[in-house]
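Taking it in order: structure first as structure tokens, then the write-up.
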Amino acid sequence: MFSSSGCLFCDLLYIIPLITAFYFLRQYIRGGQFKENVRANGKIAVVTGANSGVGRALCEELNKRGAKVYMLCRDEKRAAQAREQLVENGCNDSNLLIQTVDLADFSSIRDVVKILLTEESHIDILINNAGLLGIPQFEKTKDGVEKTWQSNYLGHFLLTELLLSSLEKSSDPRIVNVSSIVHPLADSIDLDYVNNPKNYGRMKAYSRSKLANIMHSRELSTRYPKIKSSSCHPGNINSNILSTSGWIFLKDIFAPIFWFCFKTEMDGAQTPLHLALSQHLKGNGLYYSDCVVVEESEKARFDGDCVKLYEQSRQVVHKWL
Ligand SMILES: NC(=O)c1ccc[n+]([C@@H]2O[C@H](COP(=O)([O-])OP(=O)(O)OC[C@H]3O[C@@H](n4cnc5c(N)ncnc54)[C@H](OP(=O)(O)O)[C@@H]3O)[C@@H](O)[C@H]2O)c1
């Protein structure tokens, strides 16, 4: 009941500034917020990795702003649970549609695109958000591609290629690639190199795919100037991103620290949301963090390398185009 000094007023002199400092630190960690009062009525949005983390939060915001949202998820059960939760949170359930897709399987991407193109005359917003981090050992997909590379980058590349004509029919088309601040760690994005087990490392594989996400956006903006293509670092988020790595237990052990030091999933959704909806986007092909343009690493800025990556990616997926 009593303060240690015996003087409540003296203790408050310490406690109040401490609480204020924690509050402002926490606000700082939450990062930039999308504050424009923009509706998305009538817009058709497609979000990958929609059952968890940033993707689920994006679906919630887009839906609440009036968009019809296709939740692209690889697991039907997890997708249904996420959808149920979003409806409980106030989303309009008739505007929240699940489609299953495994980005690590080109045939499943083509199947989902067939459905989307049959259902919709056009698509306004594509958010390439799904991602995994930290597969312990080198693994190839059934398409013969290193798994992180295909799940995070090449699968999204194919999905985007197959939806381009539909996006071009929109009056304000947007493509958002969710990358990461670790992209400068990438050593090479050459497929032969990426696909060589000798060059595998958990973070290396992840950073390569995230560098490719940015270069993809840059090249899209050159080839398809009508479409606003952007990439972003969503922030460091208290999500399930470690679930593939075997390190997810850290989230439970250090729960309070994670809660304080990382963004919430909704905070993580703010920058991609800004790129999907803002009426004040400047330029095209740019990289963002906390809702503002930031400089991507030098490796992402060589136009010739962006062209090369795009052409090489098209060659790998050509039979699915
Ligand atoms: N968390 C961070 O601190 C952080 C930092 C920088 C960038 N990012 C990026 O933010 C994006 C979202 O991550 P998050 O933090 O929200 O992680 P998350 O909660 O783990 O969500 C990732 C989503 O991607 C899905 N996914 C993974 N592999 C897939 C595949 N082959 N096919 C289809 N879906 C697949 C997951 O599905 P399942 O649930 O079925 O596994 C999940 O829905 C990722 O691109 C990540 O790289 C995150």
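Just so it is clear, the model here is predicted, and its values are computed rather than measured. Read the numbers this way: they start at 1 and go in the same order the structure lists the ligands and their atoms.
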Do D190 and K308 meet the salt-bridge criterion of a basic N to acidic O distance under 4.0 Å? no

For the residue pair S188 / N199, report whether a side-chain donor-acceptor contact shorter than 3.5 Å exists. no

Could you check atom 39 (O) of ligand 1 against the protein and tell me its nearest heavy-atom contact, residue, atom and distance included? N51 ND2, 2.8 Å

Tell me: protein heavy atom nearest atom 31 (N) of ligand 1, and distance? D102 OD1, 2.9 Å

Protein contact of atom 24 (O) of ligand 1 - nearest heavy atom, named by residue and atom, plus distance: G131 N, 3.2 Å

V54 N/O under 3.5 Å from ligand 1 N/O: yes

Which residue owns the protein heavy atom closest to atom 10 (O) of ligand 1, what's the atom, and how far is it? V178 CG1, 3.4 Å

Give the intermediate values and the outcome of side-chain hydrogen bond (donor to acceptor under 3.5 Å, both in side chains) for residues K140 and N195. CA-CA 8 Å; K140 269 191 182 174; N195 250 356; 4.9 Å; no

At what distance, to the nearest 0.5 angstrom, does CG of L191 lie from OH of Y153? 9.5 Å

For the residue pair D303 and E219, what are the closest heavy atoms and their distance? O-OE1, 4.5 Å

Below 4.0 Å, non-hydrogen atoms only: which portion of S179 touches ligand 1? Side chain, backbone, both or neither. backbone

Does the pair D143/K319 count as a salt bridge with the N-to-O cut at 4.0 Å? no

Closest non-hydrogen atom pair, S230 against L281: OG-CD1, 4.3 Å

For the residue pair S170 and D124, confirm or rule out a side-chain donor-acceptor distance under 3.5 Å. yes

What I want to know is whether S52 and ligand 1 share at least one N or O pair that is separated by under 3.5 angstrom. yes

Side chain, backbone, both or neither: R78 near ligand 1, heavy atoms under 4.0 Å: side chain

Heavy atoms of N51 and R56 approach each other most closely as O-NH1, 3.7 Å

Pair N95-N63, side-chain donor/acceptor within less than 3.5 Å: no

Need the ligand 1 atom indices (1-based, order shown) with element for anything under 4.0 Å from a heavy-atom of G49. 23 (C), 24 (O), 25 (C), 43 (O)

For the pair E161 and R223, find out whether any cationic side-chain nitrogen is under 4.0 Å from an anionic carboxylate oxygen. no

Contacting atoms of ligand 1, where contact means under 4.0 angstrom from a heavy atom of V101: 32 (N), 33 (C)

L132 heavy atoms, cut-off 4.0 Å: which ligand 1 atoms fall inside? 28 (N)

Using distance alone, decide if ligand 1 has a nitrogen or oxygen within less than 3.5 Å of any nitrogen or oxygen in I241. yes

Rounded to the nearest 0.5 Å, what separates atom CG in L211 from atom CZ in R208? 10.5 Å

Report yes if N236 has an N/O atom closer than 3.5 Å to an N/O atom of ligand 1; otherwise report no. no

One finds that the ligand 1 atoms under 4.0 Å from a non-hydrogen atom of A130 are 24 (O), 25 (C), 26 (N), 34 (N), 35 (C), 45 (O)

Report, in ascending order of atom number, the atoms of ligand 1 lying under 4.0 Å from any heavy atom of S151. 31 (N)

Hey, is R56 touching ligand 1 through its side chain, its backbone, both or neither, going by heavy atoms under 4.0 Å? neither

Answer with side chain, backbone, both or neither: which part of K210 has a heavy atom less than 4.0 angstrom from an atom of ligand 1? side chain

Who's the nearest protein heavy-atom neighbour of atom 41 (O) of ligand 1, and how far? R74 NH2, 2.7 Å

Could you note down all residue pairs passing ring pair (Phe, Tyr, Trp, His ring centres under 6.0 Å) where residues 156-178 supplies at least one of them, sequence neighbours left out? F157-H216, F157-Y310

Could you pull out the closest heavy-atom pair between C306 and R218, with the gap in Å? SG-NE, 3.8 Å

With atoms numbered from 1 as shown, which atoms in ligand 1 lie under 4.0 angstrom from a non-hydrogen atom of G53? 16 (O), 19 (O)

To the nearest 0.5 Å, atom NZ of K142 lies from atom CD of Q150 at 10.0 Å

Answer yes or no: does an N/O atom from S180 fall short of 3.5 Å to an N/O atom of ligand 1? no

May I ask which of G268, A79, S239 has a heavy atom nearer to atom 17 (O) of ligand 1 than the others do? S239

Atom 44 (C) of ligand 1 - nearest protein heavy atom and its distance: N129 O, 3.1 Å

Check: N240 N/O within less than 3.5 Å of ligand 1 N/O: yes

Taking side chain to side chain contact (heavy atoms under 4.5 Å, CB included) as the test, write out the residues that go with S180, two or more places apart. V182, Y206, K210, H233

When you check the gap from the basic side-chain N to the acidic O, do E120 and K68 get nearer than 4.0 Å? yes

So for ligand 1, is I181 a polar contact partner (N or O within less than 3.5 Å, distance only)? no

Report the part of Y206 (side chain from C-beta onward, or backbone N, CA, C, O) that has a heavy atom under 4.0 Å from ligand 1; answer both or neither where that applies. side chain

Among protein heavy atoms, which lies nearest atom 5 (C) of ligand 1, and at what distance? G235 O, 3.1 Å

How close does the nearest protein non-hydrogen atom get to atom 3 (O) of ligand 1, and which residue and atom is it? I237 N, 2.8 Å

Is there a heavy atom of P234 sitting under 4.0 angstrom from any atom of ligand 1? yes

Tell me whether C73 has any N or O atom under 3.5 angstrom from an N or O of ligand 1. no

